[in-house]
Each structure stands twice: as C-alpha cells, then as structure tokens.
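Take a look at the structure below.
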Amino acid sequence: CSSDLTPIAKQATKGNMCMSDKLAKVLKKSKLFAGFSQEQLEEVVAHLQPRSVILKSGDRVYKRGDPSDRCWLIQSGHLTVKRASLRSPFRKMIYHEGSVTGIQGLADSGSPRAVTMIAEDKVELIEITHDGIARMDKATQILLWQNISRLMLRKLSACLSRESFD
C-alpha cells in the first residue's frame with residue numbers, strides 16, 4: 001500500500017488496490033473535498049474517520065425520519081430514492097464515483113431525513129460522520145463548509161428546476 005492516507009493504510013486490502021489508495025481516489029474525486037491539499041485530506045481521515053460500507057440490493061442507506069449525522073461518498077453502485085410522492089414515489093439516482101448522498105448529515109446534523117435511500121444493487125460507500133469537523137484546522141473547516149454550501153445550492157437548484165410553479 002502507498003501511504004497516501006497513512007491513518008487508514010493498515011486496513012485490509014481488497015483486490016490489488018489497498019483501502020487507502022481507494023479512499024484517496026474517492027476523496028480526491030469528490031466535490032465535497034474539492035481544493036483540498038494532501039495534508040487536508042489526511043486531516044479529514046484523521047478527524048472524520050471515513051469508513052467503507054458495502055450494501056446489497058434492497059439495503060437502506062438511510063430512511064425517512066432518521067436523524068442525519070453523516071453522509072456517504074459513492075464508490076460504486078446505484079441508489080434509488082423513495083420519497084413521499086404519490087406520482088413518483090421511487091426515483092433512480094445517478095451518481096458517479098465521489099458523488100455525495102446524505103449531505104444533510106454534515107450541513108444540518110440531527111435533522112430528520114426527508115427521504116429513504118435504497119441500494120439498487122451492490123453499493124460501495126465511504127461513510128463520513130459529522131463528528132470531528134470542529135477538531136480540524138480552521139482553514140480546512142472553512143473549505144469544507146464552502147464545499148458543503150456549493151453542494152447544497154446545486155441540489156436546491158436541481159430541485160427547483162424540476163418543480164412546476166404554475
């Protein structure tokens with residue numbers, strides 16, 4: 001294993017790529033960590049302690065009403081959102097490696113989830129908890145909150161563009 005992200009380099013290997021290499025790749029691709037230096041990414045790993053989560057088809061990532069305290073970066077797989085809508089209660093979500101789901105867990109920790117997110121097939125995620133943000137360097141925190149704000153604004157804009165205001 002390379003020492004890209006040394007705090008988790010001791011985790012078990014999977015295939016030919018060690019967990020730290022896989023994690024480094026996903027973190028670097030994610031808009032949540034856009035603009036982060038290698039040192040800042042190591043700080044993320046040290047304080048936010050991301051962990052790998054593997055779900056099978058039908059498993060829930062989270063359900064409506066659950067308190068939000070974490071988000072997930074997509075490594076692979078497809079997710080379906082179940083929402084409180086009679087017209088279209090299920091909607092397949094298109095994510096790419098590094099995409100974020102459940103950003104509410106960082107932006108508004110403790111608030112209830114508005115939807116249920118379900119694994120459509122085998123899904124590999126990186127779980128990021130809200131705990132530890134306050135322990136990060138102030139410059140790293142500011143960059144993280146800027147990225148969270150950008151992601152939230154993009155999601156709001158996407159939602160508004162789908163709504164009918166007639």
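Just so it is clear, the model here is predicted, and its values are computed rather than measured. Count residues from 1 along the sequence.
A pairwise comparison of heavy atoms in Ile126 and Ser52 identifies CD1-CA, 4.3 Å as the closest pair. Ser111 and Gln104 make their closest contact through OG-NE2, 2.7 Å (heavy atoms, listed as atom of the first residue, atom of the second, distance). What you find for Pro112 and Gly65 is that their closest heavy atoms are CB-O, 3.9 Å. For Cys71 against Gly102, the heavy-atom pair with the smallest separation is CB-O, 3.3 Å.
Note: Leu125 CG to Leu55 CG = 5.5 Å, rounded to the nearest 0.5 Å. Within the model, atoms CD of Gln40 and CD of Glu42 stand 11.0 Å from one another, a figure rounded to the nearest 0.5 Å. Atom CG of Leu32 sits about 5.5 Å away from atom CG of Leu144, to the nearest 0.5 Å. To the nearest 0.5 angstrom, Met152 atom CE is 9.5 Å from Leu106 atom CG. In this structure, the separation between CD1 on Ile133 and CD1 on Ile148 is 5.0 Å, given to the nearest 0.5 Å. We find the OG1-CG distance between Thr140 and Leu41 to be 9.0 Å, quoted to the nearest 0.5 Å.
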Step by step, would you call Lys29 with Val26 a side-chain contact (heavy atoms from CB on, under 4.5 Å)? CA-CA 5 Å; Lys29 276 189 153 184; Val26 174; 5.8 Å; no
Worked verdict on Asn147 versus Phe36 for side-chain contact (heavy atoms from CB on, under 4.5 Å): CA-CA 10 Å; Asn147 289 344; Phe36 276 50; 3.6 Å; yes
Could you walk me through whether Val61 and Ile118 pass side-chain contact (heavy atoms from CB on, under 4.5 Å), step by step? CA-CA 6 Å; Val61 180; Ile118 303 165; over 6 Å; no
Could you go step by step and tell me if Leu79 and Val81 meet the side-chain contact (heavy atoms from CB on, under 4.5 Å) rule? CA-CA 7 Å; Leu79 300 172; Val81 65; over 6 Å; no
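In this structure, Asp121 contributes its side chain and His78 its backbone to a donor-acceptor pair below 3.5 Å. With hydrogens and angles ignored, the 3.5 Å screen pairs no side-chain donor or acceptor of Glu124 with any backbone N or O of Gly77. When atom types are taken as modelled, the side chain of Glu120 and the backbone of Thr80 share no donor-acceptor pair closer than 3.5 angstrom. Checked by atom type and distance alone, the side chain of Asp59 never pairs as donor or acceptor with a backbone atom of Ala119 at under 3.5 Å. Panel note: side chain Ser157, backbone Leu153; no donor-acceptor pair is recorded below 3.5 Å. Of the possible donor and acceptor atoms, none in the side chain of Ser57 sits under 3.5 Å from a partner among the backbone N and O of Lys122. The backbone N or O of Thr129 sits nowhere less than 3.5 Å from a side-chain atom of Gln49 that would complete a donor-acceptor pair. For Arg135 (side chain) and Ala46 (main-chain N/O), no donor-acceptor pair under 3.5 Å exists by modelled atom type. Looking at Ser30, its side chain does come within 3.5 Å of a backbone N or O of Gly98 through a donor-acceptor pair. When atom types are taken as modelled, the side chain of Ser68 and the backbone of Asp108 share a donor-acceptor pair closer than 3.5 angstrom.
Residues satisfying the salt bridge (charged side-chain N to carboxylate O under 4.0 Å, His left out) criterion with Glu127, sequence neighbours excluded, are Arg51, Arg70. For Asp137, there are no salt bridge (charged side-chain N to carboxylate O under 4.0 Å, His left out) partners at least two apart in sequence or on another chain. In this structure Lys138 satisfies the salt bridge (charged side-chain N to carboxylate O under 4.0 Å, His left out) test with no other residue, sequence neighbours excluded.
At least one side-chain heavy atom of Leu48 sits under 4.5 Å from a side-chain heavy atom of Met136. For the pair Arg64 and Val115, the minimum side-chain heavy-atom distance is 4.5 Å or more. Using a 4.5 Å heavy-atom threshold, the side chains of Lys25 and Glu97 count as touching. In this structure the side chain of Val100 never reaches within 4.5 angstrom of the side chain of Lys31, judged on heavy atoms.
Residues Trp145 and Leu143 share a single hydrophobic cluster, defined by chaining ILVMFWY side chains whose heavy atoms lie under 4.5 Å apart.
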